[in-house]
> 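Quick one: the structure is below, and I'll ask about it shortly.
Letters A, B, ... mirror the listed sequences (proteins, then strands); counts begin at 1.
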Amino acid sequence: MTDSTSTSKPNYKKTLNLPKTSFPMKANLVQNEPASIKRWEKIGLYDRIQEARAGSEPYHFHDGPPYANGSIHLGHLLNKCLKDFVVRTKSMAGMACPYIPGWDCHGLPIEHKVMTEAIESGKMKKLESLEDDARRTAIRRDCQKYAEKFIKLQTGQMQRLMTLADYAHPYLTMAPEYEAAALDVFADMIEQGLVYRKLKAVHWSIANQTALAEAELEYYDRKDPSVFVEFDAADARAVEAAFGMQPESLDRTPTFMIWTTTPWTLPANLLIAVHPRHNYALAEIDGTVTVIAEELLSKVAATAGADNVRTLSIAPGERLVGLKYRHPFIEDEAAHKAAIRGDSDASGDILHIVAAEYVTLEDGTGLVHTAPGHGQDDYNTGVTNKTPIYCPVQADGTYDETVPDWVRGKLIWDANPIIVKHLDESGRLFHKLEINHSYPHDWRGKSPVIFRATEQWFVDVNKPTKRDDRSLRDLALEASDTIDFIPAWGRNRMRGMLESRPDWCLSRQRSWGLPIPAFMTPSGEPFVTAASVRAISEVVRKNGSGCWITLSPAELLAGYDAKKDPEAPAGLDISSLRAMNDIFDVWFESGSSWAAVMRQRGTVHTEGSPVDLYLEGSDQHRGWFQVSLLTCLGAIGVPPYRTLLTHGFMVDKDGRKMSKSIGNTLEVDSLMQQFGADVARWWVATLAYENDIKADVSFFETAGESYRKLRNTLRFMLSNLDDFEPSPPGKDASCGQGMCMNLSTMSPTSIDAWILDQFNVLAKKVREAYARFDFRTASTAIFNFCNDTLSSVYLAAVKDRLYCDRLDSPRRRQTQNALWELCDGLCRLLAPIVPHTADEAYRALLKATDDATTIHVKEFLPNLPVEAATAWQDVLRVRDDAMAALERVRAAGGVENPLDAGLTLPSPGGALNGFDPVDLADLLGVSRVAIKADITEPEVLDLRTEPRCERSWKRDGTVKERSDGGMLSDRDAEAVGVS
RNA sequence: GGGCUUGUAGCUCAGUUGGUUAGAGCGCACCCCUGAUAAGGGUGAGGUCGAAGGUUCGAAUCCUUCCAGGCCCA
């Protein structure tokens, strides 16, 4: 048993005003956030915010559509949270900022997935038995279902992130009204003369039998044969002459040495390209006499293991131009020339040497095998030299009948070894090996892609528009000067891409997409005009783009009058038209979203660029940003956006890219289960998002720690406001209701004036940071304010008055008033980042029990009408010195507990005059403070011999035994009501 | 291979036009409090600023090269 004889003394703890609140320390976000989401949904929060801001200055943000496939990943989390920060901060800043979320629904990945599933389920056989049109319609139906399924899934996941958007009315690129608007943009571009159709070498996926956009390619390493092939010169005498040698000085037919990693393109060889200013050697290598770049001679010889190398003569490349050669295995040149069927303007000769600037001396031989139907550079060279764009490879990757019979009908990959073997046997293979090199692959199928010449629709980026007489490229480059790039280097990045981008290939040969509304006339001419497209657009608006397949040309063109269309071809017979099967590149659809979503829904500026902000990953400089820029400049002549904000990519904690195959990804769903959205959002807010972003579970743990700090700070303030009744909003003590005072009457030297002034500084900084999308600066400033200014300084200082002062002492009420303002203000500043927690705290502050009360319809507060004495900065300097002095005393074995100490503070120039010594003592955590003008350093007093107040634990000099037998200070005696 | 970009304490980041002992938060260590308590406060130790050259009286900051990442192309 313990001795409790002295327990007649009062237990003062019960007389204190200790903190009390319903706002729990443990957030339990995983359970509570979904409840908040439900409550917001119930009160129609999104609509309520829009109503509250109706008529306010608009801020037009436009959401880029994620692809409707799979679960959202960490990149989506970053992207969607940043967008939500933008929308919420603009809204809290009093602007009208709707957020229409969207999805990119068409395209190869979904179609590929659906086809894969059809194969696995056996449905493919049924599909294959259908007629073309019926099959395409069936595939499209399945694709639509697939997209809808993932839109639903992703919507839920995005809502779980507590992003606030019009999820009831998203935009879908497969919706009829969207498709119609995209067609209208296409019509505008036709009208500007920008759309053309031409045979062109494009990336071709054999597996999917479609042309691919640059964006649909991924580069992987691939093993390929690497062969050095000798092409016989057609005229040895001409070669001698080119090299300045005596006629007939050569006893063998000289050859031209080319190098290729695609032997399958050799049947399509039409030219050899050399660099006009590089030197070429005529050399004897192990008995053969061949032409090769001088600089590469020894390297090639070494590669082939040749030791007998002799240079016979040197000539610059330009001297070789025009020399004829024989194809290594096509014997009859005349018949071949007839067989490869060129365009009418393909009048140029073939099988000779041409000059090209792109020839390098890095690989190969300096003589470049050129097949205009099978390469970008080759194509350009072919066009320049007016050769046919010869492409013997069919859509399925097999050769047609124009090639030698020993490879005819074979798949090109199978033909590679056959051709190499044939070359070897005919003595034209100089050397062969295998190389591992980066090679373009189909982004989904991961199968290697080839170049193949096909008829495609293009947007010309070099042709002047009719409206501005400037090319899209020039217009885009000019626009880049006026667009605000965040970060600024985005401008150069985008300019570089614009300067080098080729014409935009618009067409794809697939089912799941928006059909290009072009017809083929019986004479084999395509028919498409701005007016015909607009007529079809109206039909699509009513029926959806599937009608392109199900309706007849006459039905599709019911609203079209050729007589009123100056572009209509003469003698157009609609009944004889055949609908073509190409669909649009999905980038054209998403690139038209400024029109199909923002303009169509009326949420745009009517002057200048329609939208204020596009915000996506920096990959979109080439993707969505660029295609949107091109369509908008083409259709209406202005850029679609005023500001472009880009963020970086997620990498793992070692800075490596995240990929499922490496296994270093994090699942969004499990992060929500483990940490909750507010923690994840806080993490996003603290990121330097313009560069790569390292992500790791440990970073979410760290964010959770910071979150807890914020939460506890709010909790402590709330817990000291339990007995505080605020006056009605916008009113103060003079209204007779509640306990708020007129802040402007607060003494400038009071600690409450100081903290409110500090809050004003913070709030201004945060609002400004938000305005420039610098969420990191904003969140860091809020954190430091909570952690340092509040928790460590102010709240520690005012604890004594909150706990020990009489409940309704003016001093306590004033501090509570300050706390109330701080809570209110902080919740508002935090609301865009941690919407659940800010709302929870705000509702606790207002003791709200209804569902409708929410911080999210509120705005940021203007500066509070308080004034703090400028001498506060002197006080804080003195505080630093005093804390250091206390620490020195403690370290020297003196006073350990600050409440056992007093301080005499210097007051340089009377700086501390007018400050309340109690405020100063509380600020320093000591029992009492005296001010002395004539000292320079704070002096520490050891008060351990003085009596201690049993209630406040202070030794303030007024402590004495009271009527109840306790040792109390004057203040505490009054509070308890004893004398 | 090209364009843009990143590399500062264990971690995440600040470091304005080159100029005194390179800052912050977190983490860590030690201490205090136990009337914010699965909380709170204090103090402290951590960096040859990716590497190597160069310009300069002086460089994390400017130049060159290299190394290691990222995005987009080839």
> For nucleotides rU8(B) and rC4(B), find the distance between their C1' atoms and express it as a whole number of Å.
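Result for the C1' pair: 22 Å, nearest Å.
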
> Of the nucleotides rC72(B), rG70(B), rC13(B), which has the atom closest to the Arg656(A) side chain?
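The nucleotide sitting nearest to the side chain is rG70(B).
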
> With both distances under 3.5 angstrom, what nucleotide forms a Watson-Crick or G-U wobble pair with rA29(B)?
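Matched rA29(B) with rU43(B) under the 3.5 Å cut-off.
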
> Each nucleotide in nucleotides 39-46 of chain B should get exactly one letter: B, S or -. Can you fill that in based on protein heavy atoms under 4.0 Å?
SSSSS---

> Hunt down the Watson-Crick or G-U wobble partner of rU12(B), both distances under 3.5 Å, from any strand shown, or write none.
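Partner of rU12(B): rA24(B).
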
> Can you find a pair of side-chain heavy atoms, one from Asp723(A) and one from Gln816(A), that are under 4.5 Å apart?
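Sidechains of Gln816(A) and Asp723(A): in contact.
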
> What is the separation between atom NZ on Lys694(A) and atom P on rG7(B), rounded to the nearest whole Å?
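Interatomic distance, NZ of Lys694(A) to P of rG7(B): 11 Å.
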
> Can you confirm whether Lys223(A) is buried at NZ, in the sense that more than 12 heavy atoms of other residues, nucleotides or ligands lie under 6.0 Å from that atom?
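No.
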
> Find which nucleotide of RNA chain B each of Gly496(A) and Ser706(A) is nearest to by heavy atoms, and output the residue with the more 5' nucleotide.
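Closest to the 5' end, via its nearest nucleotide, is Gly496(A).
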
> Counting the atoms with a prime plus P, OP1 and OP2 as sugar-phosphate, which does Arg888(A) contact under 4.0 Å by heavy atoms, base, sugar-phosphate, or nothing?
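Answer is nothing: Arg888(A) stays at 4.0 Å or more from every strand.
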
> May I ask you to check if Arg493(A) and Phe485(A) form a cation-pi contact, with NZ or CZ under 6.0 angstrom from the six-membered ring centre and within 45° of the axis?
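No, Arg493(A) and Phe485(A) do not form such a contact.
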
> Pick out which of Lys954(A), Arg811(A), Arg971(A), Lys799(A) makes a salt bridge (charged side-chain N to carboxylate O under 4.0 Å, His left out) with Asp922(A).
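By the salt bridge (charged side-chain N to carboxylate O under 4.0 Å, His left out) criterion, Asp922(A) pairs with just one of Lys954(A), Arg811(A), Arg971(A), Lys799(A): Lys954(A).
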
> Tell me, which pairs form a salt bridge (Lys or Arg N to Asp or Glu O under 4.0 Å) where one or both residues lie in residues 773-789 of chain A, sequence neighbours left out?
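As it turns out, the salt bridge (Lys or Arg N to Asp or Glu O under 4.0 Å) pairs with a partner in residues 773-789 of chain A, which skip direct neighbours, are Arg772(A)-Asp774(A).
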
> For rA60(B) versus rC13(B), give the span between their C1' atoms, rounded off to a whole number of Å.
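One C1' to the other, the span is 15 Å.
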
> By nearest atom, which of the nucleotides rG3(B), rC13(B), rC32(B) is closest to the Met497(A) side chain?
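Selected nucleotide: rG3(B).
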
> Between Asn492(A) and Leu18(A), who's closer to the 5' end of RNA chain B by nearest nucleotide?
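The answer here is Asn492(A).
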
> Tell me, please, whether Phe458(A) has Lys200(A) positioned over its six-membered ring: NZ or CZ under 6.0 Å from the ring centre and within 45 degrees of its axis?
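Yes, Lys200(A) and Phe458(A) form such a contact.
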
> From C-beta outward on Leu16(A), which listed nucleotide comes closest to its side chain: rC72(B), rG35(B), rG69(B)?
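Of the options given, the side chain of Leu16(A) lies nearest rG35(B).
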
> Tell me if rG10(B) is syn or anti. Syn = glycosidic torsion within 90° of 0, anti otherwise.
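It is anti.
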
> Determine the interatomic distance between C1' on rG27(B) and the same-named atom on rG44(B); round to the nearest Å.
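These two C1' atoms come out 14 Å apart once rounded.
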
> Taking only side-chain N and O atoms of Tyr803(A), does any of them lie within less than 4.0 angstrom of OP1 or OP2 on rA36(B)?
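Yes, within the criterion.
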
> For nucleotides rC71(B) and rG54(B), find the distance between their C1' atoms and express it as a whole number of Å.
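31 Å, rounded to whole Å.
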
> Between P on rG10(B) and CG on Asp696(A), what's the gap in Å once rounded to a whole number?
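Taking CG of Asp696(A) and P of rG10(B), I get 18 Å after rounding.
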
> Which nucleotide, rU6(B), rG70(B), rG35(B), lies nearest any side-chain atom of Lys13(A)?
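The closest nucleotide is rG35(B).
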
> Using the C1' atom as the point on both nucleotides, what is the distance between rG40(B) and rG50(B), in whole Å?
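So the two C1' atoms sit 40 Å from each other.
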
> Which whole-number value in Å describes the distance from Asp692(A) CG to rG7(B) P?
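After rounding, the gap between these two atoms is 10 Å.
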
> Should rU64(B) form a Watson-Crick or G-U wobble pair with both distances under 3.5 Å, which nucleotide is its partner?
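rU64(B) is paired, partner rA52(B).
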
> In whole angstroms, how far is the P atom of rU5(B) from the NE2 atom of His647(A)?
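Going from His647(A) (NE2) to rU5(B) (P), I get 19 Å.
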
> Strictly distance-based, threshold 3.5 Å: is any side-chain N or O of Ser779(A) a donor or acceptor partner for the main-chain N or O of Ala685(A)?
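It does hold such a pair.
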
> Any donor and acceptor pair, going by atom type alone, linking the side chain of His76(A) with main-chain N or O of His73(A) inside 3.5 Å?
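Yes; at least one donor-acceptor contact below 3.5 Å.
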
> Could you walk me through whether Asp956(A) and Arg928(A) pass the salt bridge (charged side-chain N to carboxylate O under 4.0 Å, His left out) test, one step at a time?
CA-CA 5 Å; Asp956(A) 74 346; Arg928(A) 67 169 187 254; over 6 Å; no

> What is the base-pairing partner of rG1(B), counting Watson-Crick and G-U wobble geometry with both distances under 3.5 Å?
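Check on rG1(B): paired to rC73(B), both distances under 3.5 Å.
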
> Could you check whether Ser719(A) gets within reach of a base, just the sugar-phosphate, or nothing at all, counting any heavy atom under 4.0 Å?
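If one applies the 4.0 Å heavy-atom cut-off, Ser719(A) turns out to touch nothing in the nucleic acid.
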
> Using the C1' atom in both, what is the distance from rG18(B) to rC57(B), to the nearest Å?
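After rounding to an integer number of Å, I get 12 Å for this pair.
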
> Could you check whether Asp652(A) pairs with Lys694(A) (Lys NZ or Arg NE/NH1/NH2 to Asp/Glu carboxylate O, under 4.0 Å)?
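Result for this pair is no, no salt bridge flagged.
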
> Please give, in whole Å, the distance from rC13(B) P to Tyr689(A) OH?
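Tyr689(A) atom OH is separated from rC13(B) atom P by 14 Å.
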
> Base, sugar-phosphate, or nothing: which does Asn784(A) touch, judged by heavy atoms less than 4.0 Å apart?
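Here Asn784(A) touches the backbone only, sparing every base.
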
> Distance check needed: rC31(B) P versus Asn897(A) CG, whole Å only.
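Distance check: Asn897(A) CG to rC31(B) P gives 17 Å.
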
> Backbone N or O of Ser698(A) within a donor-acceptor pair of the Asp696(A) side chain at under 3.5 Å?
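Confirmed, Asp696(A) side chain pairs with Ser698(A) backbone.
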
> Look for any protein N or O under 3.5 Å of an N or O in nucleotides 20-22 of chain B and output each such pair with its distance, or none.
none

> Using atom C1' of each nucleotide, how far apart are rC72(B) and rA29(B) to the nearest Å?
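46 Å, rounded to whole Å.
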
> Check whether any side-chain nitrogen or oxygen of Arg493(A) sits under 4.0 Å from OP1 or OP2 of rG3(B), and answer yes or no.
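For rG3(B), OP1/OP2 do not have a side-chain N/O of Arg493(A) under 4.0 Å.
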
> Using atom C1' of each nucleotide, how far apart are rA22(B) and rC49(B) to the nearest Å?
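One C1' to the other, the span is 8 Å.
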
> Given the ring of Tyr439(A), does Arg222(A) sit roughly above its face, with NZ or CZ under 6.0 Å from the centre of the six-membered ring and within 45° of the axis?
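Yes, Arg222(A) and Tyr439(A) form such a contact.
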
> What is the distance, to the nearest angstrom, from the CZ atom on Phe716(A) to the P atom on rG35(B)?
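It works out to 13 Å between those atoms.
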
> Whole angstroms only, please: what is the CD-P distance between Glu701(A) and rC26(B)?
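In whole Å, rC26(B) P lies 17 Å from Glu701(A) CD.
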
